[in-house]
Amino acid sequence: MTELTIAMPKGRIFEEAVSLLRQAGYKLPPEFDDSRKLIIEVPEEKLRFILAKPMDVPTYVEHGVADLGIAGKDVMLEEERDVYELLDLKISECYLAVAGLPNTKMSDVAPKIATKYPNVASSYFREQGEQVEIIKLNGSIELAPLIGLADRIVDIVSTGRTLKENGLVEYERIVNITSRLIVNPVSYRMKDTRIEELVTRLNSII
Ligand code: PRP
């Protein structure tokens with residue numbers, strides 16, 4: 001049996017993804033709960049896991065160094081990689097929204113939008129017929145309107161706490177997000193029985 005390599009997103013989604021795989025019957029060692037390792041081998045399951053930054057998961061899968069990956073729909077929309085989406089895992093539910101300071105209008109000329117998702121934000125405002133200037137940030141996006149860097153942000157809202165605690169409000173909801181199981185197209189053809197087994201086992205518990 002060939003080994004499957006799965007790219008896992010470090011951070012928020014990680015725990016839920018590990019728990020889902022365990023519920024599906026995969027015996028994942030305690031290293032998954034507390035370790036700094038970036039590659040975890042699970043020879044008993046013929047699985048190897050690589051732990052990547054969430055935004056990079058589709059890159060590893062597209063290049064075929066990982067057969068499969070778990071990635072948020074937000075990342076899939078932003079990265080537009082050549083991979084197949086096999087399953088909606090229905091974990092890490094959240095949404096992408098436009099937010100900003102309450103009762104403020106956007107500047108008439110090229111309003112500034114701060115975001116970690118420049119592609120999603122550009123296409124959203126293009127569809128709305130609005131010309132905007134996108135400012136790419138890597139985190140703490142909510143800071144941007146507070147200190148005058150941007151008129152609005154496009155960011156993930158999960159519990160809504162970050163917006164609330166920083167005195168920001170949501171203006172529009174762009175799209176609902178959940179995590180997806182993604183696959184490299186070549187791996188899908190070559191190792192299909194093992195991948196089918198994983199999909200069946202995950203499907204039975206989603
Ligand atoms: C994400 C997102 C928001 C926050 C939303 O940031 O960018 O800032 O979570 O969650 P909430 O609605 O439950 O408050 P994350 O914590 O991943 O860190 P980041 O600021 O580095 O992007």
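Counting starts at 1 for both ligands and their atoms, following the listed order. For the single chain, residues carry numbers from 1 onward in sequence order. Please read these numbers as outputs of a predicted model, since none were measured by experiment.
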*Which of the numbered atoms in ligand 1 are below 4.0 angstrom from a heavy atom of D155?*
2 (C), 3 (C), 7 (O), 8 (O)
_Using only atom types and a distance under 3.5 Å, with no angle test, would you say the side chain of E16 pairs donor to acceptor with the backbone of S92?_
yes
*What protein heavy atom is closest to atom 1 (C) of ligand 1, reported as residue, atom name and distance in Å?*
R12 NH2, 3.8 Å
*Atoms in ligand 1 flagged as close to E142, the criterion being non-hydrogen separation under 4.0 Å*: 3 (C), 8 (O)
*Return the residue, atom name and 0.1 Å-rounded distance of the protein heavy atom closest to atom 21 (O) of ligand 1.*
G139 CA, 3.6 Å
*T159 neighbourhood, listing ligand 1 atoms whose heavy-atom distance to it stays under 4.0 Å*: 11 (P), 12 (O), 13 (O), 14 (O)
*Tell me whether the centres of the aromatic rings in Y124 and Y117 are closer together than 6.0 Å.*
no
*Nearest neighbour of atom 5 (C) of ligand 1 from the list D74, I156, T115, on a heavy-atom basis*: I156
_Under 3.5 Å: donor-acceptor pair, side chain of Q131, backbone of A110_ = no
_Given S19, which partner from the list R22, E15, Q23 fulfils the side-chain hydrogen bond (donor to acceptor under 3.5 Å, both in side chains) test?_
Q23
*Would K116 count as a contact of ligand 1 if the rule is a heavy atom under 4.0 Å away?*
yes
_Per-atom contact, atom 18 (O) of ligand 1, protein heavy atoms, under 4.0 angstrom_ = no
*Before signing off on this row, confirm whether S140 and ligand 1 have an N or O atom pair separated by under 3.5 Å.*
yes
*Can a salt bridge be assigned to the pair E31 and K37 using a cut-off of 4.0 Å between side-chain N and carboxylate O?*
yes
*Contact summary for S123 and N119, nearest pair of heavy atoms*: OG-O, 2.8 Å
_Assess whether a salt bridge exists between K73 and E85, defined as any Lys/Arg side-chain N lying under 4.0 Å from an Asp/Glu carboxylate O._
yes
*Side chains of T104 and R152, donor plus acceptor under 3.5 Å*: yes
*Which residue supplies the protein heavy atom nearest to atom 14 (O) of ligand 1, what is that atom called, and how far is it?*
T162 OG1, 2.4 Å
*Please determine if G160 has a nitrogen or oxygen closer than 3.5 Å to a nitrogen or oxygen of ligand 1.*
yes
